[in-house]
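We count ligands from 1, going down the list as the structure has it; atoms in each ligand are counted the same way. Heavy-atom basis, side chains included; hydrogens, waters and symmetry copies ignored.
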Amino acid sequence: MLSILCALALTALSATSVQAHGYVQDVAVGSTHYTGYLPYSDPYTSPTPQRIIRPIPGNGPVTDVSLIDIQCNGYTDGGAPGSSPAPIYATVAAGSQMALNWTTWPDSHKGPIITYMARAPSDVTQWKPGTSAVWFKVAEAGKTASGLWAATDLLTASKSIYTFTIPPKLQAGQYLIRHEIIALHAAYTYPGAQFYPSCIQVKVTGSGTALPTSGLVSFPGAYTATTPGIAYDVYSNTSAYPIPGPAVWTGGN
Ligand SMILES: *[C@@H]1O[C@H](CO)[C@@H](O)[C@H](O)[C@H]1NC(C)=O
Ligand SMILES: *[C@@H]1O[C@H](CO)[C@@H](O)[C@H](O)[C@H]1NC(C)=O
Ligand SMILES: [Cu+2]
């Protein structure tokens, strides 16, 4: 079984290294670093490395927005659909920054970078949101007025590090962060956009009390084939890019 998996992984590695997509390989909170889930080595490493990012099958995209795969990147949990939780979480103070280090992102894969959070009812290392509407957006970046894209232009300029702030007044507790790049190089029609979500488990500390109670969205659910920004001609459309999903929640600022 293991050799079959290794062969598959090697096949996937050689196939995808040509296409070179990516994933979050490191998360930094201040000077504390958490290595991301490494899809080409973690499954074959013993003992299994303890990660804060939920397992992903590889560096490739999800393209069907109706699948549970769109939530945390298409990994099955014991054969059941939906992502498998990770064993640990990062601790981060409300109002502090998280720096997400992506693998080298291909120039052709232009698109937005979007980050959501969802409050875990109790233990985030056991929680699977399923199709519940639990997610709120905390950060987004699309195309600037001068035509620069969050991915790849700005991400490359920042050495593949994307930084966002945990809302300063967010209620303490455990959360799942859903962070994604949407690559639009084939998004002139649907399906075409490539989604690269990562789910990061955190415990937020602080004395804040803010938590959104309305406008929460589900994954799958938040995006459809006709949601603005899911289909977009990245080569010829010089208009503003409408970032998909709800407005950024500002109640925690
Ligand atoms: C991102 O992570 C990689 C792999 O750990 C590391 O080599 C690289 O230096 C990191 N990038 C930055 C800007 O810290
Ligand atoms: C450009 O994108 C916007 C937003 O998605 C859309 O409304 C508009 O129709 C597009 N323009 C062209 C020429 O396709
Ligand atoms: Cu790709």
Side-chain angles (χ1 to χ4, degrees), residues 12-42 45 49-53 56-65 69-70 73-74 90 97-114 140-145 147 149-164 179-198 200 222-247:
L13 189 58
S14 49
T16 50
S17 58
V18 177
Q19 297 165 37
H21 335 252
Y23 53 89
V24 175
Q25 60 186 340
D26 183 86
V27 177
V29 178
S31 59
T32 303
H33 286 262
Y34 301 87
T35 300
Y37 181 83
L38 306 179
Y40 300 111
S41 57
D42 280 6
T45 303
Q50 303 278 286
R51 306 300 190 201
I52 64 168
I53 299 187
I56 58 172
N59 66 5
V62 177
T63 56
D64 185 341
V65 297
D69 303 18
I70 199 72
N73 195 355
Q97 292 189 324
M98 292 192 86
L100 309 179
N101 177 344
W102 279 83
T103 51
T104 304
W105 194 249
D107 279 344
S108 62
H109 287 33
K110 297 192 187 313
I113 304 181
I114 311 176
E140 65 179 13
K143 185 172 75 167
T144 67
W149 286 92
T152 297
D153 303 305
L154 304 182
L155 191 61
T156 301
S158 61
K159 296 185 163 58
S160 294
I161 308 281
Y162 178 81
T163 301
F164 76 99
H179 170 74
E180 73 183 336
I181 293 178
I182 306 177
L184 300 173
H185 53 290
Y188 43 87
T189 186
Y190 178 87
Q194 299 185 345
F195 300 82
Y196 295 85
S198 265
I200 306 164
Y223 302 160
T224 70
T226 56
T227 302
I230 297 299
Y232 184 86
D233 189 333
V234 74
Y235 304 105
S236 68
N237 198 325
T238 51
S239 316
Y241 172 72
I243 299 173

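When side chains are defined from C-beta on, Leu38 does not count as touching Pro49, because their heavy atoms never get closer than 4.5 Å.
Residues that satisfy the side-chain contact (heavy atoms from CB on, under 4.5 Å) test with Ala151, not counting sequence neighbours, are Trp105, Ile113, Ile181.
Between the side chain of Ser160 and the backbone N or O of Thr104 there is no donor-acceptor pair closer than 3.5 Å. Side chain of Tyr235 to main chain of Tyr188: no donor-acceptor pair is present (N/O by atom type, distance under 3.5 Å, no hydrogens or angles). In this structure a side-chain-to-backbone donor-acceptor pair under 3.5 Å is missing from Tyr23 to Pro39. In this structure, the side chain of Lys143 engages the main chain of Ser239 through a donor-acceptor pair within 3.5 Å. Using modelled atom types, no side-chain atom of Thr156 and backbone atom of Asp153 make a donor-acceptor pair closer than 3.5 Å.
Taking a cut-off of under 4.0 Å to the non-hydrogen atoms of Asn237, the atoms of ligand 2 that pass are 1 (C), 2 (O), 3 (C), 8 (C), 10 (C), 11 (N), 12 (C), 14 (O). Listed by number with element, the atoms of ligand 2 under 4.0 Å from a non-hydrogen atom of Pro242 are 4 (C), 5 (O).
Shortest distance from the Cu ion (ligand 3) to His21 is reached at ND1 (N/O/S atoms only). Taking the Cu ion (ligand 3) as reference, His109 places its N/O/S atom NE2 nearest.
The only member of Arg51, Met98, His33 that meets side chain to side chain contact (heavy atoms under 4.5 Å, CB included) when paired with Val27 is Met98.
At a heavy-atom distance under 4.0 Å, no atom of Tyr241 approaches ligand 2.
Between the Cu ion (ligand 3) and His185 there is no N/O/S contact shorter than 2.8 Å.
Using a heavy-atom distance under 4.0 Å as the criterion, the protein contacts of ligand 1 are Gln25, Asn101, Lys159, Ile161.
Taking the six-membered ring for Trp and thresholds of 30 and 60 degrees, Tyr232 and Trp149 have ring planes more than 60 degrees apart, a perpendicular arrangement.
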